[in-house]
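Contents: one structure, followed by commentary.
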Amino acid sequence: MMRRLRRTQSGCVRSEAWSPEEATALERLSTRHGQLLLQPHMEFLGGSHVRLFDLQSEDGFDACEVFLKDLEETADLLNVELASRQYRRGFSLNYRAVFPDGKRHYRADVLEVSTDRHACIWVNGDKFE
């Protein structure tokens, strides 16, 4: 989505389809995307070498949190259809406290853990594979 937005904006988001508020939100989101930090090394994924977002450093993590907050707010503003969150009903009480309802709740800490590529993770003494 961000590459497509960047290709079409020529320095700013211009479209008769967007309200001024929506265009401003998309501009902000594009800027935040450009502020995400990348890891210094390449990873081999899906047959290609790619550079992943830096979620390990404090600055990289903070930039990701800001981007995800803006992404969530922009999706809400644009009335982007929300995928079902029914699977969250099976979460432990601790996870349900983090994701209390059917809203997006994008989180840098959850993204970080999900991209670590470990066979399992431990949460509050419980092993998840």
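Any value given below was found using the heavy atoms of this structure, including those in side chains, with hydrogens, waters and symmetry copies removed. For the single chain, residues carry numbers from 1 onward in sequence order.
- Shown here are the side-chain hydrogen bond (donor to acceptor under 3.5 Å, both in side chains) partners of S92, two or more places apart in sequence or in another chain: there are none.
- Tracing side-chain contacts under 4.5 Å through hydrophobic residues (I, L, V, M, F, W, Y), one never reaches L77 starting from V80; they form parts of separate clusters.
- Residues forming a salt bridge (Lys or Arg N to Asp or Glu O under 4.0 Å) with R96 (at least two apart in sequence, or on another chain): none.
- Annotation: side chain of L26 is not in contact with side chain of T24 (no heavy-atom distance under 4.5 Å).
- Every pair passing side-chain hydrogen bond (donor to acceptor under 3.5 Å, both in side chains) that includes a residue from residues 78-87 is listed here, sequence neighbours excluded: Q86-R89.
- Annotation: salt bridge (Lys or Arg N to Asp or Glu O under 4.0 Å) contacts involving residues 55-66, sequence neighbours excluded, are absent.
- Residues that satisfy the side-chain hydrogen bond (donor to acceptor under 3.5 Å, both in side chains) test with D101, not counting sequence neighbours, are H105.
- One distance of note links CD of E72 with CG of L29; it measures 12.0 Å at 0.5 Å rounding.
- With sequence neighbours excluded, the residues satisfying side-chain contact (heavy atoms from CB on, under 4.5 Å) with V110 are F99, R107.
- Both F67 and L38 belong to a common hydrophobic cluster when Ile, Leu, Val, Met, Phe, Trp and Tyr are linked at side-chain heavy-atom distances under 4.5 angstrom.
- A continuous path of ILVMFWY side-chain contacts below 4.5 Å connects L36 to L71, so both sit in one hydrophobic cluster.
- Separation of atoms CD (Q39) and CG (L52) is listed at 5.0 Å; rounding is to 0.5 Å.
- For R104, the side-chain hydrogen bond (donor to acceptor under 3.5 Å, both in side chains) test picks out D76, Y106, with sequence neighbours left out.
- The shortest heavy-atom contact between A108 and L68 is N-CD1, 3.5 Å.
- Shown here are the salt bridge (Lys or Arg N to Asp or Glu O under 4.0 Å) partners of D70, two or more places apart in sequence or in another chain: R28, R32.
- What you find for H33 and F53 is that their closest heavy atoms are NE2-CZ, 4.1 Å.
- The shortest heavy-atom contact between P100 and A97 is CD-O, 3.8 Å.
- Closest approach of L111 to C64, counting heavy atoms only: CD2-SG, 3.8 Å.
- With sequence neighbours left out, the ring pair (Phe, Tyr, Trp, His ring centres under 6.0 Å) criterion links H41 to no other residue.
- Evaluation of the salt bridge (Lys or Arg N to Asp or Glu O under 4.0 Å) rule for E73 yields K69 as partners, not counting sequence neighbours.
- Inter-residue side-chain proximity for L78 and W18 is flagged as met; some heavy-atom pair is nearer than 4.5 Å.
- A pairwise comparison of heavy atoms in L82 and G102 identifies CD2-O, 2.9 Å as the closest pair.
- Contact check for D109 versus F61: side-chain heavy atoms found under the 4.5 Å cut-off.
- Judged as a side-chain hydrogen bond (donor to acceptor under 3.5 Å, both in side chains), and not counting sequence neighbours, K103 has no contacts.
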